[in-house]
Every structure is written in structure tokens, then in C-alpha cells.
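For reference, the structure discussed in these notes is given below.
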6 protein chains.
Amino acid sequence: MERVIEAAERIRRLEVQGATGVALTALRAIVEQLEMSMARDRASALQELDEASRILFSARETEPFMRNAVRFLKLKAEEAEWERVEELKALVRGASQELLETFREARRRIAEVGSRRILNGDIILTHCHSSTVMVILKNAKERGTDFKVVLTETRPLYQGRRTARELSEAGIGATMIVDSAVRSFMRGISKVLVGADAITSEGNVINKVGTSLIALAAQEARVPFYVASELLKFDPQTIHGDYEAIEERSPQEVWADPPEGLMIRNPAFDVTRRDYIHGLICEEGVISPHIILEAVLRRYPWILKGAQV
Amino acid sequence: MERVIEAAERIRRLEVQGATGVALTALRAIVEQLEMSMARDRASALQELDEASRILFSARETEPFMRNAVRFLKLKAEEAEWERVEELKALVRGASQELLETFREARRRIAEVGSRRILNGDIILTHCHSSTVMVILKNAKERGTDFKVVLTETRPLYQGRRTARELSEAGIGATMIVDSAVRSFMRGISKVLVGADAITSEGNVINKVGTSLIALAAQEARVPFYVASELLKFDPQTIHGDYEAIEERSPQEVWADPPEGLMIRNPAFDVTRRDYIHGLICEEGVISPHIILEAVLRRYPWILKGAQV
Amino acid sequence: MERVIEAAERIRRLEVQGATGVALTALRAIVEQLEMSMARDRASALQELDEASRILFSARETEPFMRNAVRFLKLKAEEAEWERVEELKALVRGASQELLETFREARRRIAEVGSRRILNGDIILTHCHSSTVMVILKNAKERGTDFKVVLTETRPLYQGRRTARELSEAGIGATMIVDSAVRSFMRGISKVLVGADAITSEGNVINKVGTSLIALAAQEARVPFYVASELLKFDPQTIHGDYEAIEERSPQEVWADPPEGLMIRNPAFDVTRRDYIHGLICEEGVISPHIILEAVLRRYPWILKGAQV
Amino acid sequence: MERVIEAAERIRRLEVQGATGVALTALRAIVEQLEMSMARDRASALQELDEASRILFSARETEPFMRNAVRFLKLKAEEAEWERVEELKALVRGASQELLETFREARRRIAEVGSRRILNGDIILTHCHSSTVMVILKNAKERGTDFKVVLTETRPLYQGRRTARELSEAGIGATMIVDSAVRSFMRGISKVLVGADAITSEGNVINKVGTSLIALAAQEARVPFYVASELLKFDPQTIHGDYEAIEERSPQEVWADPPEGLMIRNPAFDVTRRDYIHGLICEEGVISPHIILEAVLRRYPWILKGAQV
Amino acid sequence: MERVIEAAERIRRLEVQGATGVALTALRAIVEQLEMSMARDRASALQELDEASRILFSARETEPFMRNAVRFLKLKAEEAEWERVEELKALVRGASQELLETFREARRRIAEVGSRRILNGDIILTHCHSSTVMVILKNAKERGTDFKVVLTETRPLYQGRRTARELSEAGIGATMIVDSAVRSFMRGISKVLVGADAITSEGNVINKVGTSLIALAAQEARVPFYVASELLKFDPQTIHGDYEAIEERSPQEVWADPPEGLMIRNPAFDVTRRDYIHGLICEEGVISPHIILEAVLRRYPWILKGAQV
Amino acid sequence: MERVIEAAERIRRLEVQGATGVALTALRAIVEQLEMSMARDRASALQELDEASRILFSARETEPFMRNAVRFLKLKAEEAEWERVEELKALVRGASQELLETFREARRRIAEVGSRRILNGDIILTHCHSSTVMVILKNAKERGTDFKVVLTETRPLYQGRRTARELSEAGIGATMIVDSAVRSFMRGISKVLVGADAITSEGNVINKVGTSLIALAAQEARVPFYVASELLKFDPQTIHGDYEAIEERSPQEVWADPPEGLMIRNPAFDVTRRDYIHGLICEEGVISPHIILEAVLRRYPWILKGAQV
């Protein structure tokens, strides 16, 4: 389990960031681990796969994208008929390849669909750093659309700075503000565009803490609020009644040297109500977040299988 | 004008903070400056006073408390009948003393009124650092009320840390969160309590950027939102149609080393709608923010006089 | 203190009902008690008055109308110059008479103003039993206005039945519904009209539990919500920061024979937000609830004096 | 038609209560009636079935669960090929059995899904008596979750008392309030959880009168409002444009002895807007009420067939 | 009564338009009529004045500005001590002059205050034609502010065209839209600015039909909505409980040639909720509409006197 | 391309009105054009079809109904196997016939479903002229339902007059108001019922300008707002990210003779938020607008094919 443990470790320590990055790392680790497998028979090979999943799942709480990807490999392995472990290896390599292709295609489609929603003269507000949002913005730039971006710094880890640097490199005009200045600028914003870490069965969106506050301020000012997300960020656990777990990170990120007795709470994410979301930009196109379950079942009919209940 | 210039400089460089601190510094500077005055006659003495006002007014944009205080001295000087400059000095010293007494009494009253609104078991959310809020919280603690505080770090200058240290010293249990986590914690909050930098004639409140976002989130969750403020933070310019100026501070406070081409906007304050404010805690007691004009005219009938139109 | 104690007892046991009834009973008890007073000097007479107040104040928690009335007598007694107790007796009799006249006039004015807001064809929703609302409805009927009433039964004490009987006697067509059917009928309602037990300095209204829910449902359906109340129901304690106390009554009223371990909570009143109140119908006329403090200070300038702080 | 008439009678007189109870009674009556059938041929047997349906449908207006169940038997009978009435009897017995199994499984699933939404420390508000809600609460208790319940008495028939007794027996801590105190307690509530009598094609929920008022108050305070319901409570008539009929019950339930001329209106149910519903807990899991039509078509593809248009 | 009757006629036929125009016409008519008076004694002179008022009041329903002006003259006449009718003539001329001066000063002040609220780059939405709004816009233009106007055509009488012509003459850039396109343009609007025909004691504003719809759309998009109005448009009847009468005009204005049986309703005004109004721009400055009663009593203490009850 | 060009011209000049009229005209033109076709082989025939589509598509911007219809013919032609152009002609005639049948059936179903939502005593508000709404109203009338209609005149082209005439002919009682009087009458309205020109993938509705304002006012007053529309008005372009184009028409329609320098903007449509729509009445029945995508995919699985991306 060396490769898998190492990957899980890198995910846990945030060396790998972003839902997509984490999913890709996990996939690769499983494929590589399996290549090195000494398993002799079906039972022990599947057991290995199981263990690998468990290790990866324990790395971070809020990672449905990675979990769906890993579960897909397991389902393929469990459902197919094979006898030799070599067959399994090929099969898992194939499934991993298929998934990567699906990812790429979904992202390409999201970039295209999302960039059409950006018009000349638009001022787009974004929060944190989302690779999905970045491909949309770059795609719009490449199409020749003339727009600007307002972005938050995103405390405590300042992921907004990464967004700022990428926009600067892409030649997209941008203005940074502190997180709490969002309402001051909202009336001048054309659209809000953020990514997602998870989507629940009711259509709510889990994303970087502060997102729900931006959505609320957008709603107050009639500014359309878009979420760009691969459908595989849908969390099948939520349909079974589980709440999306909200990872709580180290107080040190907020204040390294607090006074005695001060508690620091540092949730990484918050939940944005589906009613505040104008549209979900996904590989289906632009849809209402209310129908996420329908869209995900149409595209990925296997999604509810094997979710832990 | 040495003393006055120096005071203005310290105010500009933020060495003096908080509306009250700034007002006191300005009062003291005028009194001291006047003591050293060489003016021989009424005209030149009043002219000196005028110049001193102008210098102090230019130190920061959003300081109605200081402006009202300075204007009060000027009105006293202009309206009284005196001949010798010595008489003026005594008069201004007296007016300054009267104002200080008014401040102290207002604050004492606010502490008493405000602390009655805090009940056993309450969890109070506050933002930034407000000395008015601090006296309320400490007063409630001294009364033996058992409550807790949730506070924001308040980017970009982290004034929340000062609040945290003072609460820690006062033995009041507190939890710090990043500014954008406000909505995540709102449902557990009993009341929000913030200070004010200025209040407009329509009843809107200018306070540290982020306040209006908190007020919006409080409104969404039916959490009472209180503003604690001396009535002298009322800005008489606003009744004449002027907007409250929102100071915009240095980008360096937000990011010292931004990438090429990135703009940074750093407004210090924002405007909270009167409709989101449950009550204004002032020297009148707890009132609706809509009637700020009536309350201030009842207490300080001179307030509209001499405002620049 | 016999008379006063007896009156307090009857108030406590709810033999006297309604803010007005309670205030009148308290006034009468004080006057009668004083008539029997053996006090020889100013000090002991005032002390007796003080004790009488304390006894009456302790009878029920939410009775600002009675408290304001009693306080008025005390203020008159304390502020006037008199030497002989006989003088005091005359003075208090006179003050009581003055107050009764004020009550009558206020009610007459409210009846007139309120009944003008009722138009032919209106369907008026009311809750609980309010003598102030009843005089308005009867006045409108006497003017020949053709309207109907929808009323709630008002659990747990079914005060709606008293309202129903009085409407029946007055020949006003009425329909009773259970409390929780209010939203089902709201779209057909022309105006809501309720009384008040207390009004806070911020303009919120304390009335029979359920009132705030009706106000919310009226707001949702754009139905104007009126409160009819004498200005003397303003509670001066609230401006000093106190919350209006919400009396909690016996669980027996709700269920005489509950299963083991079941808690029953039975608050008598709730708080209606000023923002849900279209107009306050009082002796000033129809006003915004936000300016209650201004109106009450204009009519009863003594109102803040002597409130316990 | 003896058995069927008797069952209909018991349903009409409310001896059988709750959507589930009514559906089971109707199913049993049909099966028993059929066992006794003297019908000789297909046509007359189907005609008998038809008549039985009509009789049962007329028992109460708002019973889509029962209607769907009965319609399922009829569809099975009509669509299958059979010749002898004995075959039909077996077929209907089987269909009834299948449906009972579906009910049980749906309920088991709802209990499991719903109980996961209840967390330690939660305070759950419920209204009326819902067997679906009860299985969720009991399941959560059995899982060891530490939570409390606030419940309304639910006038006019006090079904809340039944809920209170069951909670008491199950050892779940509970507090009862009158219906109109709901807003007073709302800010302390973690989640609202109610049952349903019917769900419309647009996603609105018909439940005991008062439910929509609770939903409105929950929305005002950002308290999640859940409806627990089997998908078979979907009313297929509504997609055809019919409004869900709202049964109006006897005035005697409200007041046995009203004054002359007083009308009493006593609707048994009201309609809760889909926008006030955070999630529908059904056999699919937790879903948005907006997609009820999709969920019900996926599970019960026969649901729209045979609805009277 | 010739002059007065003729004036009333011109007002009725809309030859005189706008609240200000109507008030001026009425004042002039009274003064002129009085000049021609043959009255010999106080009683008959006052009776003439009374009759003149009645005639003018009957000309149009919604004209508090005119009514307040006329009532002011009558109050002056009734309260002063005079014997000869010549004295009365002088007195009324003087009062009329005083009122005209008050009007001019109020308008000058409104123009100044209002124009400060218009900033460079603003896009101001207005509705109908308001001379008060026009002086603000022209004043802002004269100050050198660079702004644009969006205006509605204002069916049925197209008063927007008059506004358009005046803006064109003043060199202010303007765009006209149909009334129902208001929401399509709202997100690009900086502020809404409209006039008023009447203001009620609760703070609601009566203005050209469509105003309340614009206010609603402004509220939805967080666009500040300002009303510019002289305080004398306050209607003292409303505090006494009367509703502001909404004049209903001829169907011919809407459609000269309707099909048989079609009803046409043509109300001239509607009522805008005080909660949708950001600020009232009046001679006091910018105030909350909630305090209209306080402001009007402070400026015009006679305003409630002599209103018909 | 004569026939097609002529049809496109008539559509462009608005000689053909209404989404349905336009679609039928386009279908007929294609069929007729094809009948006259000289094409010899598959490639050139398909190319002709392509060109015909392009011409028709360019006639007006907001016509998804027509585009879907034309695309259906093209898909049929492209997907079928045929060799001779005669076969194609038959095939396209057949497809056109099939589509006409689908239209008729959809409309019949909408009339039936929609008319069930109209109850005795209802007052229905409608806007502009919609043939879909008209069939519902007439159907309700034929069923004997007793209801009335309030309708707007619908500037700038007064389509409300056409609605008025048709209602008059149908013997349905109606009242016309100007567009901006909608809020004045809203509280008396039972339901709003409008048509649609297009529906987006998120569930928003494009209809005659002013519709969204009516929806907003209906929402404010809790009046159910229904849209009646064939599902084929769904615009597949929107799922790909395109905004629905909003046609902007000639300024002349608004004002033939504007003053120099006045701009006139004349958008023909606006966008109504799905959250303001109570129900979509379509051939599925009454559904939530959020699930439009699901409904349209279920009925017209080909709908997303061939949309230009």
C-alpha cells in the first residue's frame, strides 16, 4: 500500500490541492499500487483495492470527486468477470483511462458552456481558487471576450493570490478585495462565478468558506450567481441522509499566536443554498441546481452504487 | 498650528484609532494650540480656530465624531460674547471639558443600556474592534452575566486580534473566526453587536468593511443586529445630501507584493441599511435607527449648525 | 395596603383582564388605599405610595399600561408641593381623574381613527380579544360600514370566543378559525387589526402569543397589519435596555393531564417586528411604529421619568 | 360491497387515521371483498373492482396514498391476462402483498435516511402526528442520538397529544407548545420535521393545517424544514391541473357551542410552498421537492396511469 | 366666487398640472377673489373664504399640497385679530406671499440637497414628470455632474414625453423606455428618483401609477429609491385615519374605442411602501420616510390644525 | 428558396405573430419549398434544407419554437435512409404532419389542464396576447366556470387590445388597465396566467416585456403565477451556455417623433425568474419550471440534437 499511503499523505498535507487534483492523484496511486500487486486471486486483489480505497477516503473529509472516482474503479473491478490479476490490472488501467477522458471532456465542455455566459463588458466576481473557474475565464479570454474579474483574497490561506497570479499571467484584468468587502462591490458585478467541492442531493453546494455569504449578497442585489462544477462532485452520501462533512482545519492557519483561552474555529467550507444559485454550469450545460440528481443519474448511472450507507 | 498639525498627522497615520480616540485627540490639540495662541483680537483668534478645524478635518475622511466635537468648540467660540483672547481660552477649555463630560456620560449610559440586552447564555457576535462595544461587554461581565463572544479577525488590519486580547484579559470566553465564516456560525448567535464610525440622516450606519455583510446574514437568520454608538457619530453632512465618504486605504495593507497589473481596492468601511438594524444603542437608550435625526436633535440641538453645505 | 393587595391579587389571578382593565383597577386601588391612609407626614405618605406601587407592579410582568398609570400618580405626588396628607389625597384623586379622562379620550380617538381605515367590503382578521380593537369594530359598524371579521380561537384560553360573542351581539358578521389556519385565509383578508399589551422603544409590539406569526403571514401576502394601542402601553423600561418580560403561564392551561416527562411551555405573549406593522393606530392617529418614542414623548413628556433603571 | 362499504365508513368517521392507515385499510378491504366475489367473468369482476374503488375514493377527499394503492391493484387487474376470477383473486392478493412490501421498504428507508439528518444536540420541531415522522425519531433514538423534540398541540383535534404520548413512551425528551407559539420558539430549533398527506406535481406539500405557517416561520429564521413522506403520497391528479382538495371538517371540532350567527371554518390541511422546504425525505433519499415528479416516475412508472382526468 | 370657480375648473380639467402648479393656482385665485370681496364683516368674510376652500378642494381628490396651502390662509385669517375686511385682504396677501416664499425656499433646498446625491457616472431612473425632480436634475447638470437619465413614457398620458423634452433642452442625456421595461433596465440604474403627489402619516408615498412597481423592482435589485418632495405634500387627513383618495380618471385616456363590455380602470396614482424608499429628499434634507410626521410638525406646526376630521 | 424567403420576410415584418404562428408558417414554407425542389441527390437536397433553415432562423431572434420545429424536420431528413428526393419529400411532409399533430395535441392538453386551475369566482390577470392563454380561458368558459380577467394594454404595440377583443367575443368579462397599474390591482387577483416565447435550460421564462415585473408583484402579494407554454418553446441553445437573445425592436413603436438626442430602447421581451413561477402548464401537466429540462427530454428526446453550439 506504499503508493497509496504516500498519496493519501500528500492529500492530507494539502500538497495536492483542488478536488480535481486530489481525484487524479488518487486514481494514479491506485493504478500504480495495483501494478505492484502480489495478489494471486480475485478475492485478495479486490481486498487490496478495498484497502486502498479506505486509505484514500480517510485522507480528507470533503472529497466526493475523489471518492466517486475511486468507487468507479472498484465497481468496474467488482462487476467484471476476470480471473487473473493481470486482467484486473488492465481493467483498472482502462477504467482509470476512461475516467480521465471523462474528466477532460467534462472540463472542456464546462469551459465552453461557461465562457458563453461571459459577455463583453462583464465584471465577474470569484472567490478562492477554482481550476474549473479558471478554465472558463481563460476560455472566454481566448474567445476575445473583453471582461474583468474581481476576486477575494480568501482567508486564511490566501488562495485568491493564486487566482490573481494566474489571471495576471493570462492577461485578464483583475481587482483584489478583502473577503468582507464583497457587499461593497456587489452592485457593480455582472455575475458571480465560483467552483464547488461537493454538491448535495438537494442541490446545495459546498465550497470554500465565504461562498454562501457571497451568494447571499448576490441574491440581495439580483446578481446572477453561477457555480461551475463537474457533476462527479455530487456526493452520493447525501441522498442517504448524511450531511456533507465540513472539514475543520488547524487554528494555526488563522492566528499562529493567539492569546490564552481564545478558541479559533476554522471550517474550510460552507453550504450555499440552491435557491441562491442561478445556474449550475456542468457537463450537461447550464442547469438548475435542483435537478442535480437527475443530471448525475443520466450521465453517471452508477453513481449511487456502492456509496456507504 | 504645531500641535494641531502634529495631532492631524498622528490621526492620518492611524497612530490614534477609533472614532472616540480621534475626537479626544483633536479636542486636546485645539485646546493646547489655543493656549499657545498669540492672537490679539476676536477676528484673528477665530481665524486660528478655523484653520485648526480645517487641518484636523483633512486628517481622515470618515470622522463625524471628531468633526462634531471640533464644530461644537467653534460654535461656542463664535456665539459667545468675549473680547479678550484669555476669555476665549477659558471658554474653549470649558466647552472641551463639557464635551468630555458628555462623552463620558454617553459611554456610561451606553454601557449600562447595552449590557442589559445581554442575557445569560447569550453568544454575541462582534466585528473589528469597537471601544463602545468593549465597554458594554465588560459591563455585562461585571454584572455577572454569563455569555460568550464570537469575533472576526477583521482583515486587512486584524483589529479582531485586539478585541480578542481585551476579551481574554477581561476573562470573557471568545472564539475567533475568519471574516467569511460569519454565515457558518450565524445560526448559533444570539445577537450581533457592533460599533459605528458614522450614522447618516436616513439612519444607515457606516462601520468597518464587512459589517453590512454580517447584518445581511443576521437578517437572513432572524438574529437581532445591534449597533452601539454615541449619537455624536451622526454625520450632519448627510442631511444636506452628501454621501458619507468611505475612506479607501493603501493596497499594501491587503497584499504587499501583488503580481503586475493586479489592482487592489481597500475601502475601510461599508454602509449597513437601517432595515437590517434591530436597535441602535445610544445615550437615548435603545432606539430605532430610523429616528436618529430626532434623537440627535433632541440631545444636541446645535448639531446641524455650521455643517458645511 | 389591604385594597392594593386585594387588587394585585385579582390581577394576578386574571380576574381582571386586558391592559386597560388592569390599569383602571390599579388606579382605583391606589386612590382608595390612600383615602384610608393614616400617614401623618409627606415622607410616610410617599412611602405608602411607593409600597402600593411595588405590590401592584409585582402582580403581572407585562403590564406597562398599569405601570405608567401608577407612575404618573407617584410623579404627581412627588413633584407637587403639599404639606397635609389631605392635600395629597385630593391631588392623587385629581391625577387619577385626569388619567381616566386621558384614557377615555385616547380610546375615543382610536375608535374614530381606526374605524375610518375600515372600508365597505373589508374582511378584517383579528386575534385574541382586545377591547381597543372592539371599540374600533363597533364604531365602524355604527358608521354603517359593511364589513366582516375573521377571528382566531386563541389557544390556550380561547379569548377568541369572547370576541366572537361580542361581535355576535354587535351584529357584526364573523367567522372563527383555529389559530393555525391563519395562513389559509390570509389571501382573502383586507387588513389585520390587533391590540397590544406593550410597545418597546424600538417600535416592536408585544401582544398575545401568535400575533407575530399572523404579522409574518400578512407580510408574506402584502396584507396591511395594523396595531391599535393607546400610547401609554409604551414600556419605558425598554429604552433603558430591558427586554419586555414575556409572562409564562401555567402548563395546566395547555394540557391538564400530560404524560410523564412532557414539558409544556406556555408564553402568553410574543414580539411582533416593527417592520411587519403597516401602521400603529393610537391617539396621535395612524403612525409608523418606528416613531413611537417621538409620539409618546410629545403626548406624555413625563413617560421616561421614574422608570426603574 | 359490504367489506368495502364498512372500510369506507370507518375511514370517513376517522376511526382509521393517517394516510398509511387509510391505504392499508382500503387494500385489505378490496382483497377481502374480492375473495367473497361472486363474479363469473372478467367484465363483471373488473366492474366490481371499479365500484369498490369508487366507494373507497369517496370516503375522504385528500387521500392520494390510498388512491394510488387502489389504482395499482386495478391496473394490475386490468393489464394482466386472466380468465378465471380465481386467477384475479390471486393476482390482486399478490399485488396487494407487493404494495405492502413496497410500503414497508419505503418506511424502513425513510427511517434510516431521516434519522441520519438528526444530530446530537438537535432540537426538532414537529406538528400534528405523523407515523412517518415517528419512525424517524424512534430510529434516531435507537441509534443513540441525543436530541429533543418540540411539538405543537395541533388544534382542533389535539393530535399533538398522541405524538407526545408516543415520544414519552419512546423516552424521547419533548416540550409541547400551543400552535401559535411556534415563532416564539423557532430560533432555538435545529430542524423542522413534518409528514405529508399529499404532494402535488409542482412539489408543494399538503399537510395538517398550520404546517405552512411553521414553514414560513422556519424560512424567516433560516431553520431547515424537512418533509418526510412516501413518494406514493404524490397526487397524480394535480399534474392534470386539479387542485388538491382540502377537506373541510365539522365546525363542532372547533367549538361545540358557538354564539348565534358565528360561522366556523375548519379546513383540515394547508399547502406548504416547495420553496420553503429544505428537503423531502422519501424512499429515494433526501431530494429537492421540485423533482418529486421525476423521483416518483422513476420509482413508480405506473403512477400517472388511470388517474381520473 | 368667479375667480375661484374658474381656477377650480382649470384644475379639474387638468389644464393646470403638477401638485405645485395646482397649489399656486389655488392661492392666487383665493387672493384675487378676496380682493373683489364685498363682505362687510368678519363673519361673512370668513364664510367666503370657507366657500372658496370648498370649491377648490372639490376640484381634484389627491391634492394635499393645495389643501395645505389653502388651509394655511384660512388659519391665518381665523386666528388673527382684525376687524375690517381690508385688513383681512392684506393679511391673506401676506400669508400667500409667505407661503410662496416657503415654496421657493423648499424647492431651492431640495434642488441643492438632491443634486448632491447625484454622482458622476450615475444613471438615474425617473417616472412621469415631476417639477421637483426636474429642478434636482438641472441643478446637478449645472454643477457639472456627468450623469444620464432613463425615463418611462408613463401611460396613459405620456408625461414622460414632457420630461424627455425638458431633459433634451437642458442637455441631459436620456433614454426612454416603455413602463413595463423597468425591470429589464434596473440592474444598470444607480438610483431611482421620483416626485410625490402626497405623503401619508405612516410615511407611504402617493405618486403616479407605476411608481410602486418601480420601487419594488429597485428593492429587488438593491437600487436606492429616492422620493423628492416638499413636506407640504404631507396629507394631514391620513393621520386621522383617512386613506389617501386615489383619483380614478377617464377610461378614454386608456382606449378611446374599446370593444363592447370591456371595463377600463384608470387609477392615476399608486401607493409606495415606506420600506422601499431609501430616502425622502425634502426641505429638511435627506430623511427616512418613517419620520415624515416629525419633520413636518417641526417645520409646519400648524399642519394638523383644521384638517377635516 | 422563394417560398422560404417570403415566409421569413413575413415573420420579420411581424405579419405572422405569436410563437405558434411563426412555427407553423416556417414548417409550411419548408414543405412547400421542398415540393418545388430541383435537387437531384441527397447531398444537394440536404443542403437546400440547410439553407432554408438558415434563412428562417435569421428572421427573428427569439423563436425557439420555430427553430425546434425546423430542426426536427432536418433531423428526420438527415437520420433517415433515403435515396430519391421524392422519398425525402414524403418524409418531410410526414414529419411536418407529425409535428402539427404534436402541436395540436399539446395545445389541447394545455387547454384542459390549465382550465382546471381556473375556479369559480377567480380573477385572472394576463399580459399581452398569448394564443396558449386564450385557449385555456376559452376552455374554462366552455366548462361553465365563472371567472373574470384583468388584462394589461401591453405597450408599445397594444397586444392587450387583441386579447380584449377576443375575450369580448368569447363573452368573458374583462377589465383593462395600463401596464404600470399592475401592482394596484394585484391584491384582488386570484392567479396570473401568461404565455411564453422561450424557456431556458435553468427554467427561466422569456415572454413579452413586463412579464417579469408582473411576476415580481405577484410574488410580493403571494399570488400564484402560472406560465402556459408548449414544451417545444424550450430553447436548447441555453443549455449550451447561450443567453436567450432578447430582440430589440424599433424606437418608432414607442415614439414616432422624439426630441433630438433622446435615445429610445425597445426590448420586446424580458426574463422571469423560475422562483417567481408557481407552475408551468405544459403538455406534461402542471410542473415546476425547475424541471423543464427533464420534462422536455422525456417528451422530445431529440431536442438537444443539432442545436448550434
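Protein chains get the first letters and strands the later ones, always in sequence-line order, with residue 1 at the start of each. Predicted, not measured: the structure shown is a model, and the values here were computed from it.
A donor-acceptor pair is defined here as one N or O able to donate and one able to accept, closer than 3.5 Å; such a pair exists between the side chain of D:D235 and the backbone of D:Q237.
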Candidate pair C:M134 and C:T163, rule side-chain contact (heavy atoms from CB on, under 4.5 Å), full reasoning: CA-CA 8 Å; C:M134 290 312 297; C:T163 302; 3.9 Å; yes
Chi angles and distances behind the side-chain contact (heavy atoms from CB on, under 4.5 Å) call for D:Y226, D:V192: CA-CA 6 Å; D:Y226 286 100; D:V192 180; over 6 Å; no
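Side chain to side chain, D:R107 and D:T20 meet the donor-acceptor criterion of an N or O pair below 3.5 Å. Between the side chains of D:S250 and D:Q252, no donor N or O sits under 3.5 Å from an acceptor N or O.
With chain D as partner, the option from C:D270, C:I264, C:L216 having the largest number of non-hydrogen pairs under 4.5 angstrom is C:L216. Contact count against chain C (heavy-atom pairs under 4.5 Å) is highest for D:V178 among D:V178, D:V182, D:T211. Interface remark: of the candidates C:A181, C:P259, C:P258, C:P259 forms the most heavy-atom pairs closer than 4.5 Å to chain D. Heavy-atom pairs under 4.5 Å with chain C were tallied for D:R165, D:R161, D:M176; the largest tally goes to D:R161.
Heavy-atom distances place both the backbone and the side chain of C:S212 under 4.5 Å from chain D. Contact annotation for C:L151: only side-chain heavy atoms (C-beta onward) come within less than 4.5 Å of a heavy atom of chain D. Only the side chain of C:P267 has a heavy atom closer than 4.5 Å to any heavy atom of chain D. Interface remark: C:V150 contributes no atoms to any contact with chain D (heavy atom separation under 4.5 Å).
Judged by the 6.0 Å and 45° rule, C:R67 forms a cation-pi pair with C:F57.
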